[in-house]
Engineer: 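Handing you this structure, nothing more for now.
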Amino acid sequence: MSESTVEPTRRTTDVAPSGAAAGYRPARTLPFAAEFRRQASRRRTQLALGFMVLLPLIILIAFQFDTGDDDNGRGEFGSLVSFATSGGLNFTLFTIFVSASFLLVVVVALFCGDTVASEASWGSLRYLLAIPVPRARLLAVKLLVALTYSALALVLLAGTALLIGTLRYGWSPLRSTVAAQLEPGEGLLRLLAVLGYLAVVLLVVAGLAFLLSVITDAALGAVGGAVLLWILSSILDQITALGAIRSFLPTHFSNAWLGLLSTPVQTDDIVRGAVSAICYATLFWGLAFWRFTRKDVVS
Amino acid sequence: MRSPFSAARLRRALPTGRRAVAASVAVALLAALVVWAFWPDRPGFRTESAMLTVQSGPGGNEPVDLDTTLYLPRAAADRQVPAVLLAHGFGGTKNSVRGDAEEFADRGYAVLTWTARGFGRSGGQIHLDSPDHEVRDAQRLLDWLADRPEIRTDAPGDPRVGVVGGSYGGALALLLAAQDQRVDAIVPMITWNDLSRSFLPESTGGEPTAGVFKSGWAGIFFGGGGAAGSGPTGISGSTAEAPEGAPAPGPPSPAPGQGPGTAPGAPTAAALPDPACGRFAPDVCAAYLRIAATGQADQAAVDLLRRSSPAGVLDRIEAPTLLVQGAADTLFPLGEADANAQGIAANGTPVRVAWFTGGHDGGAGPRSDSDRVKFLTVQWLDHYVAQTAPEPGDTFTFSRIAGFDAMDRGLVATGYRTADYPGLGGQSRAEVRVSGPAQPVANPPAGNPAAISSVPFAGSLSSLLSGVAGDIPGQHARFESEPLTEAVDIVGSPTVQIRAASATGTAVLFAKLYDVDQEGAATLPSGLIAPVRLTGLPASLDAAQPVTVTLPAIVHRVEAGHRLRLVVATSDQAYSTPIEPAVHTVALGDAPLSLPTVDSDPIPTEAVLWRWILAGLLATIVLGLVVVVAVVRLRHRRQDTSVHPEYADTPLAVRRLRKEYADGFVAVSEVDFEVHPGQVVGLLGPNGAGKTTTLRVLMGLTQPTAGEIYVFGHRLVPGSPVLSRIGALVEGPGFLPHLSGLENLRAYWQATGRPAADAHFEQALEIAGLGSSVHRKVRKYSHGMRQRLAIAQAMLGLPELLVLDEPTDGLDPPQIAEMRRVLQRYATDGRAVLVSSHLLAEVEQTCTHAVVVNKGRIVASGPVEDIVGDSPSVLFEVGDPDAARAVLTGLGGVRVLDDDDGHLVVDTNGTARSEVVAELVRAGIAVDRVVPRRRLEDAFLALVGENSRGSGDR
C-alpha cells in the first residue's frame with residue numbers, strides 16, 4: 001500500500017436536511033442505465049442473448065438437411081412444423097413455437113431469477129443497500145432491467161428468425177391448417193400479437209423466478225426452482241382428471257396464442273390466459289417486494 | 001437419555017409465529033380448492049323407473065309397454081312442479097337423454113323419459129312417430145303425468161308440460177303438440193318437417209316421388225331400427241351413460257353395421273323378429289324396401305312418410321315452439337326447420353329459430369354452441385312451461401365454425417344474432433358469377449364409383465375439412481368464380497341456375513358449392529349437396545331450359561381471395577343414382593350464383609366478461625401501484641428528518657441496541673457506544689460477540705429488535721439517507737467478479753447516483769495501491785487485493801464515518817502498518833473511523849478509543865489508555881513460581897495476576913521492571929525471561945475472561 005494522503009475537507013455544510021451526503025438523492029440511486037450496464041457486462045447475459053440469435057440459424061441449417069420425405073406432420077402442432085419452411089413468417093412462428101415451452105422459460109427465469117440472488121451471493125447486495133439504494137427502488141430497477149432483457153431475448157429470437165427466414169424462404173403469407181392463410185402484413189401483425197401474448201404468459205415465470213431470487217441467495221436455486229415449478233405446472237396440466245383446477249395452473253393457457261392464427265382471431269383463451277398470468281405475476285412480485293423490504297440481508 | 005422430542009427441539013423444528021400462520025393459510029386454501037373441485041355434486045332429484053303399459057294404437061286399445069324413468073326434483077316434495085317430456089333420438093333409449101334429464105331435473109322440472117316403442121326394452125314396433133302409435137303413446141304419458149301428485153296441472157288431466165327432443169324425438173314433439181293441446185311448449189331439435197322430402201330431396205322443387213333417395217342415411221336408420229343406440233338429443237349430443245349396449249358416445253345415432261334383430265333389449269322370448277324388418281312395423285318396412293330397391297318412392301310410400309311428418313299438421317300447433325337445427329346436418333338440413341317455422345308461425349304461434357354448428361353430422365357442436373342451445377331451451381321452458389322467466393326475445397341466433405380451439409383442439413364456433421329470423425333467403429343477397437364451358441359428365445353404372453360428399457356419422461371434421469370430399473374425374477362439371485374481392489358470409493341457401501341435356505331425357509345430378517382457397521384446397525361446407533332429378537331433357541344443350549337449383553342452407557364465410565366453385569356431379573355415395581350408364585351435358589344458366597347474407601352481430605360471450613376482468617385487473621394494478629407509490633412518498637415526506645440535538649455533531653451514537661434473530665438467538669443484547677469526530681474507535685470482541693451484527697444494523701442491512709442508532713443526530717433505519725455519509729466494509733468485500741477493480745469502483749459509484757467528481761477515485765485507488773492490477777478482473781484477485789479494493793470502495797466520496805469490519809484481514813504486515821497510518825490520518829477534520837477487529841495489537845496501535853463487546857454486551861469502552869490502565873503487566877518466566885509469587889506479593893503494590901506453568905503475569909503497578917527482577921534474583925529465583933505483556937490483551941482477557949467461547953457458542 002503506497003503512501004497516501006487524505007484530503008482534509010470538512011463538508012458538513014453540504015449536508016441535506018435528511019442528513020444525506022451532498023449529491024445523494026434516493027430516487028437517483030442505482031439508475032436504470034447503471035443496472036443495465038451491470039447486467040450487460042455479465043457473460044451469462046451475453047451468452048443468453050447470443051443464443052437467441054444463434055438458435056434460428058441452427059434451426060435454419062437443420063432444415064437444410066430435410067430430405068422432404070419424413071413424416072413430420074403429426075401432432076397438434078404438425079402444421080407448424082410442415083409449414084416452417086414455407087416463408088419467413090412461418091419460420092419465425094416455428095422458431096417461437098419450439099422455444100416457447102422451454103427455452104424462453106429458462107431464459108426469462110435466468111434473467112429474473114439471477115438478478116438479486118447473484119448480487120447476494122457476491123456480497124455486493126449489502127454494499128448497494130448501504131449506499132443506500134432504497135430497497136423498493138433496488139428491486140424495481142432490477143425487475144425492470146430483468147424484464148427488459150427478457151423482452152430483448154424474445155425480440156432478438158423472433159427478429160433473427162424473421163430476418164434469416166425471410167432471406168432464405170421469402171416473404172410469404174402466414175400459413176397454418178387452423179385457418180386460411182394470412183397475407184404477410186396481417187401475418188406480421190398476428191406474429192407480433194403472438195409475441196405479445198407469450199411475453200405476458202412468461203410474466204408468470206418472471207414473477208416466480210424473481211420471488212425465488214429474493215428469497216434465496218443461490219442464483220441457481222432461483223432459476224432452477226422457477227423452471228421446475230413451471231414444468232410441474234405443465235405436467236399437472238396434462239392430467240385432465242384435475243378438471244377445473246387446471247384452469248388455475250399458470251401454464252394452462254400457455255398455448256392459447258395458437259388462437260391468434262385462426263380467422264377470426266380467438267381471443268377468449270388469450271384474455272383468460274392474460275388474466276391468469278397477470279394475477280400470478282402480481283402476486284409473485286408483490287410477495288417479492290413485501291419480503292425484500294422487510295428481510296434481514298445477512299449474506 | 002434425552003428425549004429426541006424435547007420441547008426446545010420441537011420449537012426449533014416448527015416454523016415460528018407468522019410463518020406458521022401463512023403456511024397454514026396456504027395449506028388450508030389449497031385443501032379447500034381441491035375439495036371444492038372434487039366434491040361430488042349432490043343430486044338435486046330422485047328417479048323412479050317403471051314399465052308403464054299404455055293403451056295406444058289407432059283404436060286406442062292396443063296395450064304397449066313403455067320403459068320409463070321419472071326424474072323428480074327435490075322441490076317436488078314441497079310443491080307441484082312443471083314437467084318436461086324428454087324424447088330420445090332414433091335408435092336410442094331413455095338412457096340416451098339421461099344427461100339432459102338430470103339437467104332439467106336440477107332446474108326444478110319433473111322429467112319423464114321413456115324408450116319409444118320398438119326400441120330398447122319397450123314393446124311394440126317402430127311406426128316412425130306415427131300419430132296413432134308413438135304420438136298416442138306420448139299422449140298416454142301426458143295422462144299419466146297429470147295423475148302424478150307432484151306435477152303441476154292447468155286443469156284436471158292437463159299437466160303443465162313441455163316436450164323436448166332431438167331428431168326422432170323432435171318430430172314427436174311437433175306431432176304431439178299438433179295432436180294434443182295440453183302441451184304447453186315444445187323444443188324440437190334437428191328434426192324433420194317432411195320425412196319424405198328429407199329422404200327423397202329434389203332441389204329444383206320437385207315432388208318427393210321425383211326425389212333422389214338418400215340411401216346412405218336411410219340404410220343406416222333402417223339398419224339401426226332394431227338395434228338400440230344413442231340418439232341425438234340435441235342438447236348434449238352424446239350420452240352421458242348408455243348402459244344398455246348403445247354404441248360409444250360420438251356418433252349421434254346408431255353405428256352402421258348393426259343389423260335388425262341384434263338389439264340387446266329386443267324381445268327374444270317371443271317370436272323371432274322378421275329378419276327383413278327387425279322391429280319396424282310392416283307397413284314402414286315395406287315402404288322402405290320398395291324405395292330402396294328402386295331408388296324412387298311411390299305415392300303410397302310418400303304418403304306413409306308424410307303421415308309421420310309435422311308438415312301436414314303444423315297449423316294445429318299452438319304450443320310456443322323453439323326450433324333448433326344444426327348446420328352440419330346432411331340428414332335434416334336447415335331447410336326442415338325453416339319449413340316448420342314458417343308453418344307454425346302462420347298460426348300466430350310464437351316461434352323462435354336457432355341454428356348451431358352441430359347436427360346429425362356435427363353432433364352437439366362446439367361447447368359455445370351446446371351452451372347456447374341449452375340456454376335457449378331453458379329460457380323457453382322457464383317462460384312457457386314454468387312461467388318463472390320473462391318472455392324470451394325473438395332474436396334469431398346462429399353460429400359459424402371459426403376454426404380450431406388452440407387449447408383443446410376442438411372446433412370453435414362464433415355465435416351471431418339478428419333481430420328477426422330471415423329464413424333461408426337471407427336478408428340480402430350477394431351475387432357471384434361463376435363460369436365455365438359446358439361439360440359432358442358420365443353417370444357411372446350402378447352409381448359406382450361415386451363421389452363422396454359426406455359420410456354419415458363421420459363426424460364434423462370430415463365434412464368441414466373436405467377430407468373425404470372427392471369428385472370422380474369425368475363424372476362432374478366444374479364452374480369457378482374469380483377470387484372474391486371481399487369476404488362473403490353466407491347464411492342461408494345459395495341458388496344457381498344450370499342447364500342440362502341428355503340423350504336419355506332424364507338426369508340425376510348433384511350440385512355442390514365449394515370454397516376454394518388460394519392454394520387450391522376445396523372445402524364443401526358441411527358436406528351439403530343439392531340432388532336434382534331433371535326430366536324431359538333435350539338431347540342438345542341449345543334447347544335446354546335453365547333450372548334454378550336451391551343449394552342447401554349453410555353458414556359459411558368465404559374469405560377474400562378465395563374462389564367459389566360450383567360442381568355438378570352425376571353420382572354421390574350418399575344417394576341412389578340411376579343404374580344405367582349415360583352421358584349428360586351440363587352448363588350454367590344465365591343467373592349468377594346468388595348468396596344469401598344476413599346482417600348480424602356476434603353474440604357476446606363470457607369472453608366479454610373476461611375482457612372486463614382483464615381491464616379491471618389492469619386498472620386495479622395501476623391504481624394499486626399509484627396508491628403504494630403515493631403512500632411511500634407520503635411516508636417519505638413525513639420521515640423523521642429531525643436531528644437529535646445531543647448527537648448532532650456525533651458521527652455515531654448507538655443506544656441500547658438489541659438484535660434478536662427469528663430463531664430466538666440474541667446476537668446483541670444491549671450495546672451503547674459513541675464515536676466522536678477525530679476518533680478511531682475499535683470495536684473489540686471475541687468471535688460471535690455481536691460485532692458483525694452491530695455493524696449490520698449500522699449499515700441498515702438488518703432491523704434492530706430494539707434501540708436506536710444516530711448518525712450525526714439523524715435516526716438511522718434501513719435505507720436512511722444518512723447512510724450515504726458512511727463508508728463501509730462489512731463482512732468482507734463484495735464485488736462483481738466479471739468486472740475489473742476499477743470498473744467495480746465505477747459501477748459502485750454510478751449506483752450511488754452522486755456526481756462522479758465527488759468520488760475522489762484517485763485517492764481511493766492510491767489507498768488501494770493495486771497498481772496496474774486495478775484493470776484485471778476481480779475474479780483473479782487475491783484475498784488481500786480484494787480487501788484493499790473494498791477499503792478503497794468504502795472511502796469513495798470520503799464519507800464522514802468510515803466503518804471497517806476486520807480491515808486488515810488478508811493484508812501483509814507492511815500493508816497493515818500503512819493501513820494504520822491511513823486510518824489515523826482519515827480520522828481528522830471531523831471524520832471518524834469505526835474499526836471492528838479481534839486483533840488486539842492492531843486495535844491498540846491504531847485506535848484512539850475502544851469498545852469491548854462480549855456476549856452481546858459492552859464490557860468496556862473508552863480511550864484505549866483507560867481500558868489498558870496505568871499498570872502495565874509483565875510476564876515472568878521463573879524457575880520456582882511459588883517462591884517467586886511469595887517474593888512478588890511481598891513487594892509493595894505488585895500484584896500477581898495469573899500464574900500458569902511457571903509463567904507469572906505480574907502487574908508491577910509502577911514498580912520498575914528492573915527492580916522487580918533484582919528482587920527475584922536477590923531471593924535466589926532463576927529468571928529465564930521477562931516479557932512486557934501486551935497491555936490491551938491483558939485488559940481484554942481480564943474483561944472477557946480466558947474462556948474464548950463467544951456469544952456465538954452460547
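Residue numbers start from 1 in every chain, and the chains themselves are labelled A, B, ... in the order their sequence lines are given, proteins ahead of strands.
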Engineer: Pick one of side chain, backbone, both or neither for B/Thr693, based on which atoms fall under 4.5 Å of a heavy atom in chain A.
Structural biologist: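 Nothing of B/Thr693, per the 4.5 Å heavy-atom cut-off to chain A.
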
Engineer: For the backbone of B/Glu731 and the side chain of A/Arg126, can you confirm whether one donor and one acceptor N or O come within less than 3.5 Å of each other?
Structural biologist: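 Judged by distance alone, yes, a pair lies under 3.5 Å.
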
Engineer: Report which part of B/Glu743 has an atom under 4.5 Å of a heavy atom belonging to chain A: side chain, backbone, both, or neither.
Structural biologist: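 Contact with chain A: none, neither part.
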
Engineer: Please determine whether side-chain contact (heavy atoms from CB on, under 4.5 Å) holds for the pair A/Ile131 and B/Tyr748, giving the CA-CA distance in whole Å, both sets of side-chain angles, and the decisive distance to 0.1 Å.
Structural biologist: CA-CA 9 Å; A/Ile131 278 176; B/Tyr748 172 80; 3.6 Å; yes

Engineer: Show your reasoning for whether side-chain contact (heavy atoms from CB on, under 4.5 Å) applies to B/Trp610 and A/Val275.
Structural biologist: CA-CA 8 Å; B/Trp610 279 104; A/Val275 169; 4.0 Å; yes

Engineer: Give the member of A/Arg42, A/Lys295, A/Arg137 that has the highest number of heavy-atom pairs under 4.5 Å with chain B.
Structural biologist: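 Top count of heavy-atom pairs under 4.5 Å with chain B: A/Arg42.
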
Engineer: So which of A/Ala27, A/Pro31, A/Pro132 has the biggest tally of heavy-atom pairs under 4.5 Å with chain B?
Structural biologist: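 Heavy-atom pairs under 4.5 Å are most numerous for A/Pro132.
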
Engineer: Can you name the one residue among A/Asp296, A/Leu129, A/Leu125 that meets side chain to side chain contact (heavy atoms under 4.5 Å, CB included) with B/Leu701?
Structural biologist: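 Of the listed options, the one satisfying the test is A/Leu129.
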
Engineer: If you tally heavy-atom pairs under 4.5 Å against chain B, which of A/Pro26, A/Ser41, A/Ala34, A/Pro134 wins?
Structural biologist: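 Most pairs with chain B among the choices: A/Ser41.
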
Engineer: Please flag which part of B/Leu736 lies under 4.5 Å from any non-hydrogen atom of chain A: side chain, backbone, both or neither.
Structural biologist: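 For B/Leu736, backbone and side chain are both near chain A.
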
Engineer: With no hydrogens and no angle check, is any side-chain donor or acceptor of B/Ser724 less than 3.5 Å from a backbone partner on A/Ala21?
Structural biologist: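 Checked: pair present.
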
Engineer: Please flag which part of B/Leu770 lies under 4.5 Å from any non-hydrogen atom of chain A: side chain, backbone, both or neither.
Structural biologist: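 Neither part, no heavy atoms under 4.5 Å.
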
Engineer: Pick from A/Arg37, A/Arg25, A/Glu35: which one has the most heavy-atom pairs with chain B under 4.5 Å?
Structural biologist: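 The residue among A/Arg37, A/Arg25, A/Glu35 with the greatest pair count is A/Arg37.
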
Engineer: With a 4.5 angstrom heavy-atom cut-off, is it the side chain or the backbone of A/Arg38 that approaches chain B, or both, or neither?
Structural biologist: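 Interface part for A/Arg38: both.
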
Engineer: How long is the gap from CG on B/Leu739 to CH2 on A/Trp122, to the nearest 0.5 Å?
Structural biologist: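 The CG atom of B/Leu739 sits 8.0 Å away from the CH2 atom of A/Trp122.
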
Engineer: For B/Leu614 and A/Ile278, what are the C-alpha separation, side-chain angles and deciding distance, and is it a side-chain contact (heavy atoms from CB on, under 4.5 Å)?
Structural biologist: CA-CA 9 Å; B/Leu614 180 61; A/Ile278 289 171; 3.8 Å; yes

Engineer: Could you walk me through whether A/Arg28 and B/Thr752 pass the side-chain hydrogen bond (donor to acceptor under 3.5 Å, both in side chains) check?
Structural biologist: CA-CA 7 Å; A/Arg28 279 209 213 131; B/Thr752 65; over 6 Å; no

Engineer: Could you report the tightest heavy-atom contact between B/Ala751 and A/Leu128, atom names first, then the distance?
Structural biologist: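 Minimum heavy-atom separation between B/Ala751 and A/Leu128: CB-CD2, 3.7 Å.
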
